[in-house]
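Order of listing sets the numbers, starting from 1, for every ligand and every atom in it.
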Amino acid sequence: MSRPPTPPADPPASRAQWRFHALSAPTEWIEDYRPGKYHPVHFRDNLKSSRYRIIRKLGYGSFSTVWLAKDHMRNQYVTVKILIADPDASKHELAILQVLSRSSAQGKSHVMNMLDFFEHKGPNGVHRCLVFELMGPSVASASEDLLDDVVDASSEQQRFPIWMVKRILHHTLLGIEFLHANGIAHGDLQQGNLLFPVKDLSTVGEEELSRNDEISEPVRRLDGRTDLWAPKYLALDQPLSQYIDASPGFNIKISDLGGAFFLSDPSNKLVTPVALRSPELIFEKKINKDQDIWSFGCLIFELFTSRHLFLVTDMGREEEVNDDHFLQFNDVLGPLPGTLLAKYPRAHIYYNEKGEKVKNYIGELPEGFDPSTIEPSPSLEQAFDKEKPVDIDDEEGYIIKGILRCILDYDPAKRPSASELLKHPWFSAIASEEETNVRNE
Ligand SMILES: Nc1ncnc2c1ncn2[C@@H]1O[C@H](COP(=O)(O)OP(=O)(O)OP(=O)(O)O)[C@@H](O)[C@H]1O
């Protein structure tokens with residue numbers, strides 16, 4: 001075991017103690033480079049006795065910075081996720097990845113497989129480093145600004161063509177089935193955690209992949225001291241957008257098992273994005289694998305319509321965010337059952353004892369504002385019909401809405417499992433289409 005690091009004498013505590021030029025896009029906060037948090041990484045750093053050389057920054061999250069590296073032993077590019085130096089923050093992720101890498105259940109190729117792991121000691125502590133296959137941008141970032149040439153030309157919105165949406169959803173469902181079959185729930189399913197593959201990069205040189213100009217001005221402390229805990233510059237995230245493989249045979253993988261948990265030991269970390277949270281998570285703080293199915297339902301809606309089904313953000317006080325969600329559940333999916341209403345202590349603000357709505361907005365309205373002019377959110381069916389792509393005909397639209405209704409059941413016990421959903425004729429048809437494409441390639 002490595003020795004715990006010696007605490008630094010004087011790590012800067014706040015952003016105000018730093019002088020540096022911000023980059024054009026967000027990066028991690030500089031003050032998160034301190035004991036117990038991020039490891040200060042620089043391009044061309046070598047890790048694990050020089051086996052891995054850092055080439056480019058791919059991204060970061062609350063618990064890690066993620067880098068493209070060259071694995072000199074296998075002569076291939078890989079992703080190295082360097083976790084914060086908090087042994088508790090990452091122990092579940094590692095244990096889960098180890099279980100998954102030993103499993104041979106169906107769907108394995110749709111969840112990120114760990115290739116190697118090691119520990120790296122730096123000024124901020126001992127960091128677990130997880131090595132994965134190199135992937136491209138996430139579905140979220142690809143749909144936002146990268147896929148100009150493959151977005152749906154028939155609609156005015158930037159969205160994936162139908163065949164891609166179906167493929168992304170089918171692969172995600174196979175990945176969920178694999179996780180659940182191994183007794184694991186993901187807990188944080190969202191477009192940002194579904195990754196596209198990259199093309200074969202074996203002939204692309206390191207110089208081409210390292211665009212090291214994408215860094216901040218030197219990071220300096222105002223008191224002029226040299227800092228051991230922070231990097232000399234901050235690097236901009238550069239997912240491999242230009243190398244994305246969105247060809248007909250692409251394979252989506254679910255990534256980021258940082259919020260995943262064993263079903264036998266449900267998580268108490270609330271990592272699911274607000275808009276994708278199930279009623280039982282919001283009202284009862286209960287989480288299990290049914291949350292993944294609920295999030296998957298929300299993803300179906302998002303990918304077909306390019307908008308969230310529930311338009312809630314985590315801005316504001318938690319109780320108001322929950323109230324907002326509560327009102328939207330009622331509008332979009334229909335009245336919450338009495339059993340669930342009884343579990344929401346703030347229900348009386350919006351509903352009377354007879355179950356009639358008495359208030360349809362949160363907080364106070366400006367003086368003179370007539371509350372009857374506030375339109376309820378459209379129902380699931382209205383919203384889908386309004387926003388769906390034109391090339392989904394009524395018959396298919398009807399089927400998709402039926403699947404959504406089944407998934408978005410207030411009662412988690414009634415939601416279909418991933419395996420049951422995969423047997424639905426709509427998903428079976430997607431699977432057969434994929435097989436035909438593979439045979440024809
Ligand atoms: N195998 C990979 N190949 C390429 N990029 C990756 C890979 N794994 C993760 N990334 C990118 O790195 C970023 C951070 O990864 P990840 O979400 O796993 O980190 P995290 O610290 O657990 O984040 P979060 O705060 O979401 O829990 C993401 O934007 C993702 O796109």
Side-chain angles (χ1 to χ4, degrees), residues 25-29 32-33 36-39 41 52 54-71 76-86 88-97 100-101 109-117 127-146 168 175 179 185-201 204 209 234-245 250-261 267 269-276 295 314:
T27 63
E28 64 278 15
W29 292 94
D32 282 337
Y33 285 94
K37 299 286 275 180
Y38 298 133
H39 174 61
V41 179
Y52 300 106
I54 300 292
I55 297 178
R56 170 180 178 133
K57 176 149 171 255
L58 297 170
Y60 73 95
S62 327
F63 304 100
S64 65
T65 55
V66 178
W67 303 83
L68 162 66
K70 180 81 182 248
D71 175 354
Q76 63 181 21
Y77 294 117
V78 291
T79 297
V80 180
K81 177 170 177 174
I82 306 179
L83 294 152
I84 56 171
D86 173 351
D88 286 341
S90 56
K91 71 171 190 259
H92 281 98
E93 185 169 6
L94 179 61
I96 284 171
L97 287 163
L100 295 178
S101 39
S109 60
H110 298 294
V111 175
M112 283 309 306
N113 189 28
M114 186 173 65
L115 305 173
D116 186 17
F117 76 92
H127 303 259
R128 289 203 177 99
C129 301
L130 313 176
V131 182
F132 297 102
E133 170 189 353
L134 184 61
M135 296 293 288
S138 69
V139 167
S141 56
S143 68
E144 266 166 28
D145 51 19
L146 303 170
I168 294 167
L179 291 171
H186 188 277
D188 188 15
L189 278 177
Q190 50 164 308
Q191 293 190 41
N193 286 336
L194 305 176
L195 302 185
F196 272 96
V198 280
K199 294 177 184 140
D200 176 19
L201 297 181
V204 182
L209 291 172
L234 287 175
L236 190 67
D237 293 359
Q238 296 182 86
L240 294 166
S241 323
Q242 68 275 44
Y243 300 103
I244 188 171
D245 176 4
F250 74 84
N251 234 16
I252 289 290
K253 290 190 191 230
I254 299 178
S255 76
D256 191 5
L257 289 137
F261 54 91
S267 165
K269 280 193 288 176
L270 203 61
V271 293
T272 318
V274 180
L276 281 76
S295 299
D314 54 5

Please step through salt bridge (charged side-chain N to carboxylate O under 4.0 Å, His left out) for the pair Lys199 and Asp245, ending with a clear verdict. CA-CA 5 Å; Lys199 294 177 184 140; Asp245 176 4; over 6 Å; no
Please verify the inter-ring angle class for Tyr60 with Tyr38; under 30° counts as parallel, over 60° as perpendicular, anything in between as tilted.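 Ring orientation, 0 to 90° scale: perpendicular.
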Is the side chain of Asp188 donor-acceptor paired with the backbone N or O of Asp256 at a distance under 3.5 Å, no angle test?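 Looks like no, no N/O pair under 3.5 Å.
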At a 4.0 angstrom heavy-atom cut-off, what protein residues surround ligand 1?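 Those residues closer than 4.0 Å to ligand 1 by some heavy atom are Leu58, Gly59, Tyr60, Gly61, Ser62, Phe63, Ser64, Val66, Thr79, Lys81, Met112, Phe132, Glu133, Met135, Asn193, Leu195, Asp256.
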Side chains of Thr79 and Leu134: does their closest heavy-atom pair fall under 4.5 Å?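 Yes, close enough: below the 4.5 Å cut-off.
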Can you measure from OH (Tyr243) to CG (Leu209) and round to the nearest 0.5 angstrom?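 That separation rounds to 5.0 Å.
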Results of ring-ring contact (aromatic ring centres under 6.0 Å, His included) for His127 - residues two or more places apart only: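 If we apply the ring-ring contact (aromatic ring centres under 6.0 Å, His included) test to His127, skipping adjacent residues, the hits are His39.
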